[in-house]
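Have a look at the structure below, then the notes.
Excluded from the calculations below are hydrogen atoms, water molecules and symmetry mates; all remaining heavy atoms, backbone and side chain alike, are included.
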There are 2 protein chains.
Amino acid sequence: MTIGEVSKKFNISKDTLRYYEKEGLINQVSKMNNRREYSEHDIENINFILCMRTAGMSIEILKKYIDLCMQGDGTAEERRNLLIEQREVICSKIKEMENAYNKLSYKIDFYYQTLLKKEKEIIKGE
Amino acid sequence: MTIGEVSKKFNISKDTLRYYEKEGLINQVSKMNNRREYSEHDIENINFILCMRTAGMSIEILKKYIDLCMQGDGTAEERRNLLIEQREVICSKIKEMENAYNKLSYKIDFYYQTLLKKEKEIIKGE
DNA sequence: GCTTGCGTTGGAGTGTACTCTAAGTGTTAA
DNA sequence: TTAACACTTAGAGTACACTCCAACGCAAGC
């Protein structure tokens with residue numbers, strides 16, 4: 001897959017893909033005529049990275065994880081611990097967002113009541 | 001309440017509080033001897049803003065909402081629509097994060113299996 | 001009166017994650 | 001063969017949300 005195709009597939013810019021490679025999130029993509037050729041493995045990797053990025057995981061943490069992967073089997077436990085830690089971070093973020101969701105719902109409902117009341121008054125006034 | 005007290009209460013820096021005020025998220029706090037005195041209303045406001053900020057709402061959107069509040073009752077419907085829209089944004093973010101959570105859980109489990117297998121091999125080898 | 005502590009200001013600086021630019025290469029289609 | 005198009009690079013620029021700095025103000029306690 002070319003960079004253009006990957007860019008379209010995931011709806012991210014080519015610049016971002018090159019940036020991730022430069023930062024070491026994607027291991028050096030093989031090249032044909034000086035152009036990137038993304039393998040199935042690369043695609044899977046990008047998919048994971050994007051999923052974690054949208055969940056708010058930093059590039060630094062992701063890089064650390066990828067680096068551990070590169071270092072081979074010996075780092076399996078460390079990698080596992082890193083993922084458990086990050087899952088916890090995501091978990092508390094979800095809780096914060098649910099809290100915000102509820103606060104918003106409460107306010108939205110309040111506006112609904114207000115608008116309803118106003119409407120009634122208008123009808124009454126006619 | 002002084003800026004120092006509010007800063008401690010919410011665990012944010014005084015700079016951030018002044019920054020939010022400058023950006024118009026908190027309406028001009030009254031001053032005694034040129035020092036900010038936060039009212040109960042200010043505190044409630046800050047609480048809401050921080051809740052939305054941790055949920056990822058941008059300062060720009062928050063400012064828009066606060067501006068509408070300032071403009072009075074006439075903007076109630078517009079405010080409500082803004083909140084509904086933002087609730088939707090938060091909702092999809094929660095879904096993305098839950099997706100990431102599940103992906104992580106899957107990987108963590110995979111590492112668990114791997115480590116278990118490795119352990120068995122070590123025992124076998126002894 | 002002097003130090004300490006808490007505050008003030010405008011404006012500069014920082015970190016993160018892109019995003020854009022300029023100048024160039026290599027393939028394809030008319 | 002020339003134009004269009006997709007790609008390459010290094011490096012500069014941008015957006016967002018703070019965060020820090022220097023220089024100063026004011027009140028309390030020693």
Side-chain angles (χ1 to χ4, degrees), chain A residues 1-39 42-43 45-46 48-67 86 89-90 93 96-97 100, chain B residues 1-39 42-43 45-46 48-67 86 89-90 93 96-97 100:
Chain A
M1 252 180 150
T2 69
I3 197 167
E5 285 163 348
V6 178
S7 161
K8 265 184 199 150
K9 181 179 168 74
F10 291 111
N11 200 31
I12 49 163
S13 76
K14 294 173 219 169
D15 276 320
T16 301
L17 280 163
R18 283 186 285 249
Y19 170 68
Y20 284 173
E21 190 177 336
K22 200 172 72 183
E23 291 299 312
L25 296 196
I26 308 164
N27 47 348
Q28 292 292 350
V29 177
S30 69
K31 289 190 184 176
M32 290 276 275
N33 296 321
N34 199 33
R35 284 161 187 227
R36 286 168 182 81
E37 257 302 322
Y38 291 83
S39 69
D42 291 330
I43 303 295
N45 218 218
I46 291 165
F48 175 70
I49 286 162
L50 291 179
C51 179
M52 295 306 125
R53 286 291 307 123
T54 60
M57 201 183 293
S58 75
I59 282 176
E60 197 187 344
I61 299 279
L62 274 166
K63 187 176 161 39
K64 202 170 160 186
Y65 175 74
I66 302 292
D67 281 353
Q86 290 309 305
V89 172
I90 288 174
K93 273 190 198 164
E96 281 170 353
M97 301 196 77
Chain B
M1 252 179 150
T2 68
I3 196 166
E5 285 162 347
V6 178
S7 161
K8 265 184 201 153
K9 182 179 168 71
F10 291 110
N11 198 33
I12 49 163
S13 76
K14 293 174 215 167
D15 276 319
T16 301
L17 280 163
R18 283 186 285 250
Y19 170 68
Y20 284 172
E21 190 177 338
K22 200 172 70 182
E23 291 300 311
L25 296 196
I26 308 164
N27 47 348
Q28 293 290 351
V29 176
S30 69
K31 289 191 184 175
M32 291 275 276
N33 297 320
N34 200 33
R35 284 162 188 227
R36 287 170 180 79
E37 258 301 322
Y38 291 84
S39 70
D42 289 330
I43 302 295
N45 218 219
I46 290 165
F48 175 70
I49 285 163
L50 291 179
C51 179
M52 295 305 126
R53 286 290 306 124
T54 60
M57 202 182 292
S58 75
I59 283 176
E60 196 187 345
I61 298 279
L62 273 166
K63 189 177 159 41
K64 201 168 160 186
Y65 176 74
I66 302 292
D67 280 353
Q86 292 308 307
V89 172
I90 287 173
K93 274 189 197 164
E96 282 170 351
M97 302 195 77

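Remark: the backbone N or O of B:S39 is paired with a side-chain donor or acceptor of B:D42 at under 3.5 angstrom. Side chain of B:E37 to main chain of B:M1: a donor-acceptor pair is present (N/O by atom type, distance under 3.5 Å, no hydrogens or angles).
Residues of residues 25-35 of chain A that place a heavy atom closer than 4.0 Å to DNA chain D, in numerical order, are A:K31, A:N34, A:R35.
What separates OH of B:Y38 from P of C:dC6 is a distance of 16 Å, to the nearest Å. Per the geometry, CD1 belonging to B:I12 stands 14 Å off P belonging to D:dC20, to the nearest Å. If you take CD of A:E21 and C1' of D:dC7, they are 13 Å apart, rounded to a whole angstrom. With rounding to whole Å, B:I61 atom CD1 is found 11 Å from D:dC16 atom P. Atom CG of B:L17 and atom P of D:dC20 are 14 Å apart (whole Å). In this structure, CE of A:M57 is placed 16 Å from C1' of C:dA17, rounded to the nearest angstrom. C:dT19 atom C1' lies 15 Å from atom CG of A:N11, rounded to whole Å. Atom pair B:K22:NZ and D:dC20:P shows a separation of 15 Å (rounding to whole Å applied).
At a cut-off of 3.5 angstrom, the base of C:dC18 holds no donor-acceptor pair with the side chain of A:D15.
In this structure, the separation between CZ on A:R53 and CD on B:E96 is 12.0 Å, given to the nearest 0.5 Å.
The shortest distance between the side-chain N/O atoms of B:R36 and the OP1/OP2 oxygens of C:dG7 is not below 4.0 Å. The side chain of B:R18 contributes no N or O atom lying less than 4.0 Å from OP1 or OP2 of C:dT9. Close to C:dC18, at under 4.0 Å from its OP1 or OP2, lies a side-chain N or O of A:Y20.
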**Request:** Step by step, work out the side-chain contact (heavy atoms from CB on, under 4.5 Å) result for B:L17 and B:E21.
**Result:** CA-CA 6 Å; B:L17 280 163; B:E21 190 177 338; over 6 Å; no

**Message:** Before you tell me yes or no, could you show the steps for A:Y20 and A:L62 under side-chain contact (heavy atoms from CB on, under 4.5 Å), namely the whole-Å CA-CA distance, both residues' side-chain angles and the distance that decides it to 0.1 Å?
**Reply:** CA-CA 10 Å; A:Y20 284 173; A:L62 274 166; over 6 Å; no

**Message:** Pair A:I3, A:R18 - check side-chain contact (heavy atoms from CB on, under 4.5 Å), show working.
**Reply:** CA-CA 9 Å; A:I3 197 167; A:R18 283 186 285 249; 3.7 Å; yes

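Put simply, the residue from A:V29, A:T16, A:I26 that forms a side chain to side chain contact (heavy atoms under 4.5 Å, CB included) with A:I46 is A:I26.
Each of B:T16 and A:T2 has a nearest nucleotide on DNA chain D; the 5'-most of these lies closest to A:T2.
Of the candidates D:dC7, D:dC16, D:dC18, D:dC7 carries the atom nearest the A:I3 side chain, counting heavy atoms from C-beta on.
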